[in-house]
Amino acid sequence: MSAIRYELIHTCKQTGARYGKLHTPHGTYETPMFMPVGTLATVKTLSPEDLKEMGAGIILSNTYHLWLRPGDDLVKEAGGLHKFMNWDQGILTDSGGFQVFSLSKFRRIEEEGVYFRNHINGDKLFLSPEKAIQIENNLGADIIMSFDECPPIPATHEYVKDSIERTSRWAERGLEAHANPDKQALFGIVQGGEYLDLREQSAKDLMSLDFPGYSIGGLSVGEPKETMYNVLAHLNPILPTNKPRYLMGVGSPDALIMGSILGVDMFDCVLGTRIARNGTVMTSNGRVVIKNAKYARDFGPLDENCDCYACKNYSRAYIRHLVKCEETFGIRLTSYHNTYFLLNLMKQVREAIKNDRLGDFKEEFFAKYGLNDANSRGF
RNA sequence: GCGAUUGUGGUGAAGUGGUUAACACAUCUGAUUGUGGUUCAGACAUUCGAGGGUUCGAUUCCCUUCAGUCGCC
């Protein structure tokens, strides 16, 4: 018995996008959904109460980071991640595979796992599929990820083929090591870079292991958007319709809409909260770099069409001042707004799917930014 | 009043008798996609306190002047 269940409720007649519900041990959530990222058991600057208030469902946390600090055994001792951070909604943990790829300059990938040095003090570390699952079991998230290798784009076909085959073997090992599949759903991660044949092979290999959900990894690593959309379009008819599909690390507004159209149910991304901390917000009229001098005397809200806490109470001029002075309240307000914006965008996407008009919604949304091309940068 | 010393962009400062006057911070623009609040990229002194002189050429040498700092009466 799987810990989660995906229920496909409606398919958009205009685009084929999926509206559904994801039932987890900590609540049921409508999809497609955006999951805010809280790497170190907190969405930076936001409290769990804030997240609840803005309607966040599942949030992400991270195996690698929590393993190093404060340690998964400590989290287990605290009663698990939900209790530790006072979040009674869904949690998903990433496996650490991506961090090995993105944070460590020195790493040696072997069949049994990866040797690398941590990003804090350079200590030698070793992470394997079994070890990652063990940590994730201790953390206790509702949805957990297989330990994968995230190859760069570009990489040779030969390299990526070896890589996905190893990642599939790792996925199988993780499945065997998994202690409580009835409480935590383990997802396999489809890799394959930009090669459609390898993406297909990766998906089919993982599907033969019958995971309760499938992640699509290794995208948004610097490739053109078109490459990503091609991969999604290819995988869409291959992946099972009765399981959730999770596109990892993607979350610019245009990619969220395009991903939904291409059959994705779940997204996560640090983009919104990261650019928030650097003084940029997403608005219904496009990106606004609130740090810019032109907003010094702009006493209107961040987004005139937004009714979030930040927009209802504070002006661009005030927020710009706070951000310029590196006051923490400033980046809290921008983080709040961007997270709200992305959650709200997905709400609109779901409504559009239910009304069979996601294609129209996409056109309207893109037009507002002056985008008429799915491959445009957007944000 | 006398003596010494220093004057380089918003700030702190390098530097040289000879094409675009280091660097840092600040400022101004971009960027950031399974998160170190990080990091990266670019812009920013027609000009070296002011005036005069020497020189082919002076921010650099000389004179005057102004301003600051320290010391002495």
Side-chain angles (χ1 to χ4, degrees), chain A residues 34-46 58-66 68-69 91-105 118-121 132 136 141 143-151 153 167 187-191 213-225 227-228 245-256 258-259 264 266-282 287-296 320 322-335 338-339 342 377-379:
Chain A
F34 173 73
M35 305 180 288
V37 180
T39 303
L40 285 159
T42 172
V43 178
K44 295 185 197 303
T45 76
L46 303 179
I58 298 173
I59 62 172
L60 241 73
S61 205
N62 190 277
T63 298
Y64 167 78
H65 289 281
L66 293 177
L68 297 185
R69 297 182 300 198
I91 301 179
L92 181 155
T93 45
D94 186 20
S95 66
F98 185 77
Q99 282 63 45
V100 169
F101 162 77
S102 67
L103 293 176
S104 181
K105 283 178 189 167
N118 82 32
H119 68 290
I120 300 167
N121 58 14
E136 294 191 278
I143 300 172
I144 65 180
M145 292 299 119
S146 293
F147 186 67
D148 64 328
E149 185 198 344
C150 182
I153 298 178
T167 286
F187 281 27
I189 304 179
V190 177
Q191 290 287 355
Y214 295 92
S215 303
I216 302 165
L219 291 173
S220 226
V221 291
E223 80 284 3
K225 286 227 165 109
T227 303
M228 176 166 84
R245 299 99 173 265
Y246 162 32
L247 177 55
M248 308 183 80
V250 171
S252 64
D254 51 341
L256 290 175
M258 287 301 294
V264 175
M266 304 159 70
F267 303 86
D268 80 281
C269 196
V270 305
L271 183 64
T273 41
R274 176 177 285 166
I275 64 175
R277 271 178 265 120
N278 292 298
T280 299
V281 292
M282 300 166 171
R287 198 186 248 242
V288 168
V289 183
I290 202 65
K291 272 194 302 191
N292 284 2
K294 62 182 169 182
Y295 300 117
R320 172 184 132 90
L322 294 180
V323 170
K324 293 291 292 178
C325 296
E326 297 181 66
E327 283 291 344
T328 57
F329 189 49
I331 60 175
R332 170 169 153 67
L333 290 171
T334 53
S335 296
N338 278 354
T339 305
L342 292 170
R377 290 197 61 76
F379 280 88

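We name chains A, B, ... by the order of the sequence lines, and we start the count at 1 in each one.
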RNA chain B: A:Glu327 or A:Val221, which has the more 5' nearest nucleotide? A:Val221
Pairwise [atom1] distance, [M] and [N] [rounded to whole Å]:
N: B:rA26; M: B:rG18; atom1: P; result: 33 Å
N: B:rC61; M: B:rG68; atom1: P; result: 23 Å
N: B:rA13; M: B:rU8; atom1: P; result: 9 Å
N: B:rC28; M: B:rC44; atom1: C1'; result: 8 Å
N: B:rA22; M: B:rU69; atom1: C1'; result: 27 Å
N: B:rC63; M: B:rU5; atom1: P; result: 12 Å
N: B:rG10; M: B:rC73; atom1: P; result: 40 Å
N: B:rA24; M: B:rG42; atom1: P; result: 12 Å

Pairing nucleotide - [N], Watson-Crick or G-U, each distance under 3.5 Å:
N: B:rC61; value: B:rG53
N: B:rU38; value: none
N: B:rA67; value: B:rU6
N: B:rA21; value: none
N: B:rC44; value: none

Nearest-neighbour nucleotide for the [X] side chain, [options] considered:
X: A:His119; options: B:rU32, B:rG37, B:rG36; value: B:rG36
X: A:Cys150; options: B:rG34, B:rG37, B:rC28; value: B:rG34
X: A:Ile189; options: B:rU32, B:rG36, B:rG34; value: B:rG34
X: A:Asp268; options: B:rG34, B:rG37, B:rG36; value: B:rG34
X: A:His65; options: B:rG37, B:rG30, B:rG36; value: B:rG36
X: A:Met248; options: B:rG30, B:rU32, B:rG34; value: B:rG34

Side chains of A:Asp268 and A:Tyr246: donor-acceptor distance under 3.5 Å anywhere?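 Their side chains do contain a donor-acceptor pair, which is all the 3.5 Å distance test asks for.
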Report yes or no: do A:Thr280 and A:Asn278 form a side-chain donor-acceptor pair below 3.5 Å?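 Result is no, nothing qualifies.
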Could you tell me if the side chain of [Y] sits less than 4.5 Å from the side chain of [X], heavy atoms only?
X: A:Ile144; Y: A:Ser95; answer: no
X: A:Cys269; Y: A:Val250; answer: no
X: A:Pro36; Y: A:Thr273; answer: no

Contact under 4.0 Å: [X] side-chain N or O vs [N] OP1/OP2:
X: A:Arg320; N: B:rC28; answer: yes
X: A:Arg287; N: B:rA31; answer: yes
X: A:Asn278; N: B:rG37; answer: no

Return the value, rounded to whole Å, for the distance between atom [atom1] of [X] and atom [atom2] of [N].
X: A:Leu103; N: B:rU39; atom1: CG; atom2: P; result: 14 Å
X: A:Ile120; N: B:rU38; atom1: CD1; atom2: P; result: 17 Å
X: A:Asn292; N: B:rG42; atom1: CG; atom2: P; result: 19 Å
X: A:Lys225; N: B:rA31; atom1: NZ; atom2: P; result: 12 Å
X: A:Lys324; N: B:rU27; atom1: NZ; atom2: C1'; result: 7 Å
X: A:Asn121; N: B:rG36; atom1: CG; atom2: P; result: 15 Å
X: A:Asp254; N: B:rU32; atom1: CG; atom2: P; result: 11 Å
X: A:Lys291; N: B:rU32; atom1: NZ; atom2: P; result: 13 Å

Below 30° counts as parallel, above 60° as perpendicular, anything between as tilted: where do the rings of A:His65 and A:His119 land?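 A:His65 vs A:His119 ring planes: perpendicular.
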Checking A:Ser146 side chain against A:Phe187 main chain: does a donor-acceptor pair fall under 3.5 Å?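 Yes, A:Ser146 side chain to A:Phe187 backbone: donor-acceptor pair under 3.5 Å.
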